[in-house]
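Working notes for the structure below.
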There are 2 protein chains.
Amino acid sequence: MLSAKTQYAIHALTFLGERFGKGPIPISQIAEHRQIPYKFLEAILLELRKSGVLGSKAGKNGGYYLLRPPEEVPVVDVIRQMEGPISLLPCVSKKFYESCRVCPHAEPGCIVREFFRQVRDSTLHAMEGRYLSELLDPHALKE
Amino acid sequence: MLSAKTQYAIHALTFLGERFGKGPIPISQIAEHRQIPYKFLEAILLELRKSGVLGSKAGKNGGYYLLRPPEEVPVVDVIRQMEGPISLLPCVSKKFYESCRVCPHAEPGCIVREFFRQVRDSTLHAMEGRYLSELLDPHALKE
DNA sequence: TTTAAATCCTATTAAATTGGTAGACTAAAT
DNA sequence: ATTTAGTCTACCAATTTAATAGGATTTAAA
């Protein structure tokens, strides 16, 4: 299951996506509208900025904004950024590979590994090619 | 990612699967061969017995054994039993449904929910119809 | 140039989860 | 009776998660 942090991140990003091109949006506005604890959200947005998803502007009239249009922000990147691996085992992860502490089998030809590689492929297939724009509320004011 | 507990459970079950029909196997034997801390494994096997996957026999010549042949033990059941939901959000879980604390949208028609329902479907598709028998080491002594 | 509105950043904390251990008790076989 | 084995409750340490505190810094505008 996704952590609260990742879920908050997604909702903050959709909020910013719905307001793309309207300049910086302050944390307080996102926190209020999406019911996210202010300070927790602050940490999340900082992380998303450091990982290159968001830009920010300090000072009066400052806030956060998407660096690229929602059509170009892959959902899977956001999940990986906040949550870590998509895979259920470290030994089948593409982006976070580690050998299995726990597994007694030799890796090439490990049959358990093969099963979880197929699961990962299937999960990833549903995620890849999907963008933030697809998660925006169609009823959100988009003038 | 799967917890160590779930990974241990899978490896213990494959061990028992490779010895199906040979009577009860004591914890100590599984723990040694699969390099799992004895007391932790004990708790795991107890849980698998209570959930109806394993049977046990106390006393001399006792131990644990699969209640049904490995061909009839769905892998997805084991994962759910040990790890909980397959879904990434509680609001799209089939077996562990809960409403989203965190989500601001109304559930029917929530577009984020729809995305994660598709992800769950895809993951589940790769898991369902797969059985413990497919995870057994083909080189394991099967006389 | 002062002030207010923002982000930046480090540290801290409380609660929950995870991984693992201890030890007394019960059951069965010889 | 003894030995071998599972049962069960409780406990513990480390880590992670969720959240908070508070000062420093940046910026725009009064």
Sidechain-backbone polar pair: [X] side chain, [Y] backbone, donor-acceptor under 3.5 Å:
{"X": "B:Gln118", "Y": "B:Phe115", "answer": "no"}
{"X": "A:Arg80", "Y": "A:Lys95", "answer": "no"}
{"X": "B:Glu32", "Y": "B:Gln29", "answer": "no"}
{"X": "B:Arg113", "Y": "B:Cys91", "answer": "yes"}

Measure the distance from [atom1] on [X] to [atom2] on [N] and round it to the nearest whole Å.
{"X": "A:Gln29", "N": "C:dT7", "atom1": "CD", "atom2": "C1'", "result": "15 Å"}
{"X": "B:Gln35", "N": "C:dG19", "atom1": "CD", "atom2": "C1'", "result": "17 Å"}
{"X": "A:Glu32", "N": "C:dA6", "atom1": "CD", "atom2": "P", "result": "11 Å"}
{"X": "B:Ile27", "N": "C:dT26", "atom1": "CD1", "atom2": "C1'", "result": "14 Å"}
{"X": "A:Phe40", "N": "C:dA15", "atom1": "CZ", "atom2": "P", "result": "16 Å"}
{"X": "A:Leu54", "N": "C:dC8", "atom1": "CG", "atom2": "P", "result": "10 Å"}
{"X": "A:Leu2", "N": "D:dT16", "atom1": "CG", "atom2": "P", "result": "18 Å"}
{"X": "B:Met1", "N": "C:dT17", "atom1": "CE", "atom2": "C1'", "result": "16 Å"}

We want to know whether A:Ser122 and B:Ser122 form a side-chain donor-acceptor pair, criterion being a heavy-atom distance below 3.5 angstrom. yes
We want to know whether A:Ser93 and A:Glu98 form a side-chain donor-acceptor pair, criterion being a heavy-atom distance below 3.5 angstrom. no
A:Glu128: partners by salt bridge (Lys or Arg N to Asp or Glu O under 4.0 Å), with sequence neighbours left out: none
Hydrophobic cluster membership, with links at side-chain heavy-atom distances under 4.5 Å among I/L/V/M/F/W/Y: are B:Leu67 and B:Leu132 in one? no
Give a yes/no on whether any side-chain N or O of [X] is located under 4.0 angstrom from OP1 or OP2 of [N].
{"X": "B:Ser3", "N": "C:dT17", "answer": "no"}
{"X": "B:Tyr8", "N": "C:dG20", "answer": "yes"}
{"X": "A:Ser56", "N": "C:dC8", "answer": "yes"}

Of the nucleotides C:dA6, C:dG20, D:dG6, which one has an atom closest to the side chain of B:Pro37? C:dG20
Heavy-atom contacts, protein to nucleotides 24-30 of chain D, under 4.0 Å, summarised as B (base), S (sugar-phosphate only) or - (none) per nt, yield --BBBS-
What are the two closest heavy atoms between A:Ser99 and A:Pro90, and how far apart are they? O-CG, 4.5 Å
By ring-ring contact (aromatic ring centres under 6.0 Å, His included) - contacts of A:Phe15 (at least two apart): A:His33
For A:Gln35, does the CD atom have more than 12 heavy-atom neighbours from other residues, nucleotides or ligands under 6.0 Å away? no
So which protein nitrogen or oxygen atoms get under 3.5 Å of nucleotides 9-14 of chain C's nitrogens or oxygens?
{"unit_1": "C:dC9", "atom_1": "N4", "unit_2": "A:Glu42", "atom_2": "OE2", "d": "2.3"}

Just to be sure I understand the rule, does B:Leu45 reach a base, reach only the sugar-phosphate, or reach nothing, if contact means heavy atoms closer than 4.0 Å? nothing
Name the nucleic acid region contacted by A:Tyr38, choosing base, sugar-phosphate or nothing; use a 4.0 angstrom heavy-atom cut-off, strictly under. base
Which atom pairs, donor and acceptor, lie under 3.5 Å between side-chain atoms of residues 36-62 of chain A and protein residues at least two apart or in another chain?
{"unit_1": "A:Lys39", "atom_1": "NZ", "unit_2": "A:Glu42", "atom_2": "OE1", "d": "3.4"}
{"unit_1": "A:Glu47", "atom_1": "OE1", "unit_2": "A:Lys5", "atom_2": "NZ", "d": "3.0"}
{"unit_1": "A:Ser51", "atom_1": "OG", "unit_2": "A:Glu47", "atom_2": "O", "d": "3.3"}
{"unit_1": "A:Ser51", "atom_1": "OG", "unit_2": "A:Leu48", "atom_2": "O", "d": "3.2"}

Need to verify one output field. Residue with the more 5' nearest nucleotide on DNA chain D, A:Leu41 or B:Ile25? B:Ile25
Expected list for residues 78-88 of chain B near DNA chain D, using heavy atoms below 4.0 Å, is none
